[in-house]
Amino acid sequence: MADLRREINEHNVRYYVYDEPSVSDADYDALMRELQALEAEHPALLRPDSPTQRVGAAPLAEFGSVRHAVPMLSLGNAFESDEVQAFDKRVADTLRGAGLLGADARVDYFCELKLDGLAISLRYENGELVQAATRGDGQEGEDVTANIRTIRAIPLRLQGVPPRVLEVRGEVLMNRADFERLNQAQAARGEKIFVNPRNAAAGSLRQLDPRITAQRPLRFFAYGWGEIRGVQGSDRAQSDMFAAVTADDAALPRDTHGSMLQWLAGFGLPVNVKYNRQARGATGLLDFYQHVGRIRPDLPYDIDGVVYKVDALAAQKVLGFVARAPRFAVAHKFPAEEATTQLLDIEVQVGRTGAITPVARLAPVFVGGVTVTNATLHNEDEIRRKDVRVGDTVIVRRAGDVIPEVVGPVLEKRARDLPLFVMPTACPVCGSAIEKLEDEAIARCTGGLFCAAQRKQTLLHAAGRKALDIEGLGEKLVDQLVDSGRIKSLADIYSLNVDELAVLDRMGRKSAENLVQAIDRARTPTLGRLLFALGIRHVGETTARDTARHFGSIAAILDADEDALLAVHDVGPVVAGSIRRFFAEPHNRQIVAQLREQGVEPVAQAEPQGTSLAGKTFVLTGTLPTWSRDDATRHILAAGGKVSGSVSKKTAYVVAGEEAGSKLAKARELGVTVLDEDALKALLGL
Ligand code: IVH
């Protein structure tokens, strides 16, 4: 039974802390069942710290309150690099004054992620988890022990020889993927939807029924400690120089923050070893900030910044505290990804395929580093599900380069009854009926290319970088050309001349000339690009290219029947049907004919250079110095290669940039050739 307990605990840590499970779910369940069976057979040997005991105790009437033996503090914030430099200077000056830092030396820091969850204090006595409390007001928090016991990343019993009393401080959080799954399940059951992972984590932990908490995928990372007493055996530091570092009388067994965390990890406590780093001086701190900013979108959980802590505990002690925050640490925040603002109106936008997207008009709000005035509301069902109404105070989210979205209303601020949003029944641009098919979430304008909005979007799509790549043919220009009736179809683009363009708004002779040249170049696109430019539903860049390669000419595609289309790699009935229907429309065939009349002659697909790359699979990982992932993918595809997301024995090359992680390790393990950006370019003959 002890072996089983240990093994299951190890699997919990691998799964919930390091995201690297080493057994299948089925094997894990089998171990649990075996332990449960033994416990049923030998009830006297059932222990409260057994992993089977995490299922959740009976519900509570209310949470008790807990006075923290050592207060739980907060952190000062920095937003700009000069504030970080000022922090480092203050620290360095104080430490020099105290004789703890040489005149030219720089301060050593320990850098961590600022996890966006909620702070928790765990109290272990003689190695056993006896109490867990929220931060509360810093002095007194709520007793959430029964709930915390259900979190599998948190050991119920510490390994090794822990001190008599050990208070561990850290953050409870939820991974983004787990949050999405939870919300889907909640929606399916008609239960509360959480606005973000932090709310979901807080809501799950502040549940009076621990059996509910047990079903919520919570995680935990330790980043500090509170009371420590009775450090035992060899863990006790020889020197007594740190005897007075903590608020109580314990001697800490290590002399830096980093080594203390290592010491905690040694007891089986989850520590964020993957991202914690040491850094020297303000430049080191700012490098860490940059680095984390780059990997932030790929992290499994939300963070709202990074935390810098002076590493040496003796130096921390000298620096001390102001009010309720330490002078030895600071939180360097990222621009908030969420903010609240007023929802002024909901308008609808018409997309290329007629899809009607409700768009929120917002009181301007600074979020994710930019001022946002519009945000997508996706579709009518989403608006209903989120219950957002014009007049609401809403939470707006803009993460990375993702388009801003309205997360949900702040219901407490809805003073009076507000009317529900109703989808218009006629297209606001062309007046055609809006229809919504039973099985589709999206409503569509039925106007087709009669609708100016659809026409504009179709033209912008065709002019796009992945299609005909007509630089300079942007939104403002397309608006003018369509509104004046000068351009009715794709083919009309090719009859534009310098004189008429030069007199348009925001144009001059030079830009008109450049545009006409760009249009001229677009008379010889590859067949794949031309096909993609036509904007056939379900025909993306790759499908267009594969279809073009397969048929070799537009004439052959025009006349291909369903069977012929199905012969194309990766084309199924939906795509084949869509292509057939598109070319069955007389006006679409007419556009193709007009294009030919305008001198558009697609060229055969550029065959992959040195056909050796044909069919070879590439995996991209990390950040390349000059190419984005999109760039690299485009070039590899253009050369006949394939791009995949995971490394296997079949992978021909792994292209690794900065911050390459597990994929690079896997490549090395399997002996797959690893390339950097330069080597990739050389391989592609660029
Ligand atoms: S240290 C004395 N480290 O941020 C310093 N806090 O703004 C105590 N947080 O209440 C906190 N990640 O909930 C620290 N790596 C980290 C953190 C972190 C997230 C939270 C924590 C705290 C708040 C302070």
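Numbering of ligands and ligand atoms starts at 1, following listing order.
Under the ring pair (Phe, Tyr, Trp, His ring centres under 6.0 Å) criterion, Y124 pairs with no residue at all, not counting sequence neighbours. Checked against ring pair (Phe, Tyr, Trp, His ring centres under 6.0 Å), F334 has the following partners two or more places apart in sequence or in another chain: Y289. Judged as a ring pair (Phe, Tyr, Trp, His ring centres under 6.0 Å), and not counting sequence neighbours, F179 has no contacts.
The number of heavy atoms from other shown groups lying within 6.0 Å of CZ (R414) is above 12. Within a 6.0 Å sphere centred on CZ of R14, other residues, nucleotides and ligands contribute 12 heavy atoms or fewer.
Each of L73, L75, E112, L113, K114, L115, A119, R135, E171, Y223, V307, K309, P326 has a non-hydrogen atom positioned under 4.0 Å from some atom of ligand 1.
Checked for salt-bridge contact, E20 and K274 miss the test: no charged N lies under 4.0 Å from a carboxylate O.
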